[in-house]
> 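One structure, as structure tokens, below. Some questions next.
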Amino acid sequence: MALRVLFTFFLSIAAIVSAQAQTVDRPLVIGMGLEPPHLDPTAGAAAAIDEILYANVLEGLTRITEDGSVAPALATDWDISDDGLTVVFHLREGVTFHDGAPFDAEVAKFALDRARAEGAENAQPQLFTAIDTVEATDPTTLTLTLKEPDGDLVYSLGWGDAVMVHPDSAEANKQTPIGTGPFRFERWRRGDRVVLVRNDDYWGEPAKLPRVEFAFITDPAVALASLLAGDVQAYPSFPAPESLPVLEADQRFTVAIGTTEGETIMAINAARPPFDDVRVRRALSNAIDRNALVEGAMYGTATPIGSHFPPHAKAYVDLTDVYPYDPDKARALLEEAGVSDLKTTLTLPPTQYARRSGEIIAAQLRAVGIEAELIPVEWAEWLSRVFRGKDYDLTIVAHTEPNDINIYARPDYYFHVENARLDEIIASLAVEADPDKRTPLLEEAQRLITEDAVNVFLFQLPKNGVWDKRLHGLWTNSPIQANDVTGVYWTE
Amino acid sequence: MRTALALSVLCVFAVGAILAIWWTPYPVDTMAIANRFAGPSLAHPLGTDQYGRDLLSMLMVGARTSLGVAAAAIAIGVAFGAPLGLLAAASDGIAGALVMRVNDIIFAFPALIVAVILTTSFGPGAMNAVFAIGVFNIPVFARLTASSARRILALDFIDAARLSGKGKVRIALEHVAPNIAPIILTQATTQFAIAILAEAGLSYVGLGAQPPSVSWGRMLNEAQTLVALAPQLAVWPGLAIAVAVLTVTTLGEALRRRLDPRFQRVRVA
Amino acid sequence: MLTVDALTAHAGRTPLLSGVSLRLGAGERLAIVGASGSGKSLTARASLALPPAGLTYGGRVALDGRDLLTMSEADLAPLRGRDIAMIFQEPATALNPAMRIGTQIEEPLRIHTDLNRTARRERVAALLERTGLRAVGVGPERFPHQLSGGQRQRVAVAIALALSPRLVIADEPTSALDSVSAAVVLDLLVRLTAEEGAGLILITHDLAVARRAERIAVMDAGRVVEEGATAAFLKAPKSEAGQRLVAAARLVLPPHPEVRADAAPHVLSAEGVTVMRGARATVRDASIAIAAGERLALVGGSGSGKTTLMRAVLGLLPRTGTVSVHGTPVVRPDEPRLRQTARLVFQDPATSFNPRHSVRRIVTEPLYRSGLSRREKTRRATAALAAVGLGEDALWRKPHAFSGGQRQRIAIARALIAEPEILVADEAVSALDAAIKADIVRLLDRLTRESGIGLVFIAHDLGLVRLLADRIVVMDDGAIVEEGDVAQIFGSPRHPATRALVAEAEALA
Amino acid sequence: MNALRRLLQLAATLFAASLLIFLAMQVLPGDPAEVLLGMNADPVAIAALRTEMGLDRPLPVQFASWLGGVLTGDFGLSATYDVPVTDLMLERAVVTVPLAIMGVALSLGIALPVGLIAAIRRGKGADRAAMGLALFGLSVPNMWLGLMLIYVFAVVLGLAPAGGFPGWDSGVGRAFGALIMPAIALAVPQAAILTRIVRTSVVEAMDEDYVTLARAKGRRLGPAVLYHALPNAWAPILTIVGLQFGFLVSGAVVIETVFSLPGLGRLLFQAVNQRDLMVVAGVVLVLVATVVIVNALCDGLAAWINPRQRTAATA
């Protein structure tokens, strides 16, 4: 047996060495912190999947652009009936998948039905809950009938979880994704990188880069070194904010600090005393110096927030002054609530922002008489113990899904704060498509959760982009988890 | 001369580490982010770190963890390994062979692998490092004890003691233990040096001490991305590790020279 | 041919040789004798300009007028092995354990000659023939560990003579061998050097070896204290060291009163003792009995099972058979009765004491279960030390502070303190220099004579046996093959093993 | 006979180790099926996956089927990547195995000549310098050395890549280039230890009479050491190399992290974080088995070199 494995091993070395693939003059190597578990965005929540494939390899009916708006993709345009219950998509003609299979309304119907099927692996089933039926009216027309109006539907179909896949290739997409995009998937060397090459048969404007590699580099120090050494030419999300001043000073690099949809919060388990007392939760908010936190953990690259809403969004309300940094007030609130010598735990997932914030927050809480024991955990344990098991006191995490304030109305969510008015607002938001009517609702929702001090709202996670000065077209902001390289090009 | 120097360096390290239990120049659990990355000054002889904490205080507290973990791990290794080794040496039959076999199996698990397994089961922490390094040391001391004890047990004075009616336990205590103690002590210094490095390695990859506890390896880990910004953050803990290992190794060698008859004897035929 | 002038040697600042001067003509045989530590080996090594690690030589060692000590390694290498060859004391370490003996014999030929492979092989075969190795079936393909001590030393002789050197230096070539092999090797060495016309320097502490040389130089404390023709020296040594050596060689003891060996019950007797090592019996069905006050010698070649037998009888090794004390069988091997009756003195004074214990603790160890007070124990220890000629000040020192002879006295004191009826001495003097050996033998004689204590001594030196023993038991291959009084064994040995031993003793005398 | 006993011992050790690993995997918190399906998974789907993965079978059955698979080269299916663990490990082994071989070769390549020279020039300047360097190499943590190498050679001088592995298909030269610095960082502490061992073993052998005899035969010091002291020093050196192999494996895992190499060590860490039990068990078993086998090989080789043991049967 051992011999067989050994033999296979040498065979694979021999095969790999003899392959000697061609080298392309100006490929782009993009650095990423996390490796995706597989490559099917319709079957997993991991952001890294979308960050490689979205718009580059796999496309949806619509797509979301850098400014967060919806644009046509495989659908050229769409009509929404007046009652909002019927949506008709007009599909692009002459589109083929990378394996040559044609794209048409039947394929689109398959893709949507697959995503919303009972027991599907799709990580965002709520995107499709409004859809009642999907019909292929003719090869270029797709008709969706809805159970109830859904103001977000066109936007939702622009998510990576709603991309178009072909019935023949969908099942293999986890390993070898086949889409309609400007890049073809070439290979995935696990633990190292995914390689994409230009799709010369693309329906639209062809990509300018011949080849794009996404290299997975976990270690921030190696990330910095590989950038300086030129092994990697771009980090859409650079993991070491402390190095940004050095990179900014370096003539070779562009540093672009953009926004993400990631609200970083210290979540509070209100099901556990004394956190069921709003005064204690407010005391926590008053005890934390967000500015020092942003400086200490993020080196000033993040924006403090006062509620669960991104500052760059239209409906944003600045609530950071509701609970200013005031240790005396925090102590007074704790005393009022009859809490003294509070000992608690602060569970930290493995991301750097969480670990660093945790250390600083523990020091700040200690100053108001709260001893928070730090419990570092891996993602798996965080998911099963904190998120699903609700077995925690305090934890730090960034919620990166766009438009996710509705989580505060989910029953039995891991924060455990109930507010009837908030539930109403979220319910009406779900069916309201008119932006002008949505804005006041969103503003009220923000105020409500801040009032309740459901969590301590820390900062909006920044997107610290660093790349070679000669590179153009990379996204500064991240309205959706994606590294869209379709428009990226080199200049001398 | 070199030994005296090493001894005084070790004393400084030990005093610093012990002192840090009650007192450090500045507290390490409060942060002054405005004052971060300060260079050396009278107030902060080694400067401050990324959270504005005093580096000297951090090194002192770090020494406590790093040296403490190493010492505890060696204690585990000796406490379990030496009796096992004695048992193996004293019983020539199946028991002895069994002890050595178990030893071999334990030895097959490098400290890092043990730490990985412990971490996945119990979460990371300094205790994991203690156990992982400790477990790794058990077979080292068991083997050494067994081989040294076998050598001693073959000498004539053991037979002389048997002829005086002394029992196995008494012989082990009176004749074997004092004669192998120096060998074990010497090996302990070597293992201690290795343990300091192992602790640093485990903390570095995130399997050892966790925040807010401070250890040299963790300081090194955190300093990595800051090398360009504040090289002192990487230099001091790196230096502390290297000097500690160097010191302990030098002392171990001095000990070996003193205790090993091979170094005492001038060969005159 | 070889001139040594004012040779000095230092280890650090400690002088080990001071002003040694010697002269050796072509084909001449010189013996350098002296106690251990007298510097005789260092002098020999200087002739090859090969100081042991950490030592430096001064003065002049000239071969045909060329000073070896000032020559570079590159100039010395061609002389070594070709003009001067050397044989070491310990055959176990002098041969490379990882190399076949043929290769080792061939090595000087490869270094110094242009002979082709076949020619070298032939020469090696011839050397094996001449050293008598071929005759006992030892070929060039063997490894050293497959040979006996005597055979290895013969390989060393073959290496030394491979290039017919003009001078052979033999450093205690026979002292690590049993008496039979020693005689063979010494004969071979003397005969072959004579045939080649080579000079020979014999370093030894044993006058029986030294008398084979034409001249003798006596060394003491790093100096040559006397030099002269062998016969003249043996007749009338001038220096004190020389006189000591000659006296030791001529040791004479007063006659020991007759002891009735068959007087029953015996103090200690063993019947049908068999000792197994693995599947092999190292002692087979041996019976031995010791009467009160008797001096019994247990003799035999190395590996004949003498030591194993006595250790088994004393309960240190598992055995079958019966051991009785005063006619009553001993049931358990660690019975106090057995321990009180017979005490053991070990062969090697270096390993028979716990180096970390004081002499007091060592000597009083046999009193561990006696229930005596600390004071009484100390008093007895003082008395026992006095009996072996050591002062009270020895009590508080550690064993390493004593010389080999003194340590053996301490060992005897430890045996005496429990007032046994029999002393079992396991080669107790074989690791000692001739002069010290004589002292210990006199001590043993005095003790047995004065206190009526019995003595069982294991020995391979038949000269000593003849001197000290009342009765002799001969062992061969694990079995007792012959038994009788001294006159009987030496006068009419019956068993072939006994005859071989006696023949050797006669040859060396 | 002796070899057979060694083989049996080896098999027993490997079996015990695999049992130990399997049991350790059982106490891990976090349900692999849950992890696999992510944040919004359905409990029914989790239960179904548990059944599919065989997690609901009795432990002895799970162990037997796992071990049986391992013996036929099948280490199970990776939960995160959904590909056979064997393929995953082979893919990573093409980085780790050459790295380890380069590390061993480099450390021997440094330690043998330096240790030999130090032994021959015992007490002289060269010896002191070599021993000083060895002490230094011993004291520097290898991840720190790795970082410094990256900083100096990749960042400042730009002579080598900072990390990552371009793959063998990018050309053997480039691939080796990416492994050179990691191999150096890996080898230096090993070389330091080995240099000291080589020196001590050779010095010990040099003090033996047969080396002096070789010089008395007319060999000069160097050749005498080379032909006589070194062959006898091999056994202790090999034994130490075998014992050190565990350190080397630990070191390789850390170094892979420092240099972002997609090797078995990185795979292990990723798998631990993702609770990919099959991968953790597989990698740990492979690493442990390697340590055991290398150890046994070194012991065997050391015994084979020593003619006393080799010819024991015939003598």
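Just so you know, these numbers use all the heavy atoms, side chains as well, and skip hydrogens, waters and symmetry mates. The sequence lines fix the lettering, A, B, ..., with proteins before strands; numbering per chain opens at 1.
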> Against chain B, label Leu287(D) side chain, backbone, both or neither, depending on which of its atoms sit under 4.5 Å from a heavy atom there.
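Looking at Leu287(D), just its side chain touches chain B.
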> Please identify, among Gly246(D), Pro189(D), Gly251(D), Gly265(D), the residue contributing the most non-hydrogen atom pairs under 4.5 Å to chain B.
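Heavy-atom pairs under 4.5 Å are most numerous for Gly246(D).
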> If the contact rule is any heavy atom under 4.5 Å from chain B, which residues of residues 8-15 of chain D qualify, in numerical order?
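At a heavy-atom separation under 4.5 Å, chain B is reached by Gln9(D), Thr13(D).
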> For Leu197(B), which atoms come within 4.5 Å of any heavy atom of chain D: side chain, backbone, both, or neither?
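The side chain, not the backbone.
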> Would you kindly say whether Ser203(B) and Ser215(B) are connected by a side-chain donor-acceptor distance under 3.5 Å?
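Yes, because at least one side-chain N or O of Ser203(B) sits under 3.5 Å from a partner of the opposite role on Ser215(B).
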> Look up atom CG in Asn137(B) and atom CD1 in Ile74(B), then write down how far apart they are to the nearest 0.5 Å.
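So the CG of Asn137(B) and the CD1 of Ile74(B) are separated by 4.0 Å.
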> Just how far is it from atom OG1 of Thr190(B) to atom CG of Leu185(B), taken to the nearest 0.5 Å?
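CG of Leu185(B) is found 10.0 Å from OG1 of Thr190(B).
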> What are the two closest non-hydrogen atoms of Val188(D) and Gly137(D), and how far apart are they?
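So the minimum-distance heavy-atom pair works out to CG1-CA, 4.1 Å.
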> Please look at Phe247(D) and chain B and tell me whether the side chain, the backbone, both or neither of the residue comes under 4.5 angstrom of a heavy atom of that chain.
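Contact with chain B is through the side chain of Phe247(D) alone.
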> Compare every heavy atom of Ser107(D) with every heavy atom of Leu194(D), then report the nearest pair and how far apart it is.
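Closest approach of Leu194(D) to Ser107(D), heavy atoms only: CD1-OG, 4.1 Å.
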> Counting only N and O atoms by type, is there a donor-acceptor contact under 3.5 Å from the side chain of Arg196(D) to the main-chain atoms of Met131(D)?
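No, the answer is negative, given that no donor and acceptor are paired below the 3.5 Å cut-off.
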> Please name the residue in the list Val253(D), Val291(D), Val284(D) that meets the side-chain contact (heavy atoms from CB on, under 4.5 Å) test with Pro110(B).
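The passing option is Val291(D).
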> Checking heavy atoms, do the side chain of Ala193(B), its backbone, both or neither come under 4.5 Å from chain D?
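Neither part.
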> Begin with the C-alpha distance, continue with both residues' side-chain angles, and end with the deciding distance and a verdict on side chain to side chain contact (heavy atoms under 4.5 Å, CB included) for Leu202(B) and Ile133(B).
CA-CA 10 Å; Leu202(B) 291 181; Ile133(B) 304 170; 4.1 Å; yes
> Considering only heavy atoms and a distance below 4.5 Å, find which of Ala16(D), Ser250(D), Ala17(D), Ser139(D) pairs most often with chain B.
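Most heavy-atom pairs within the cutoff with chain B belong to Ser139(D).
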> If you measure from the Lys or Arg side-chain nitrogens to the Asp or Glu carboxylate oxygens, is any gap between Arg199(D) and Asp127(D) under 4.0 Å?
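Yes, Arg199(D) and Asp127(D) are salt-bridged.
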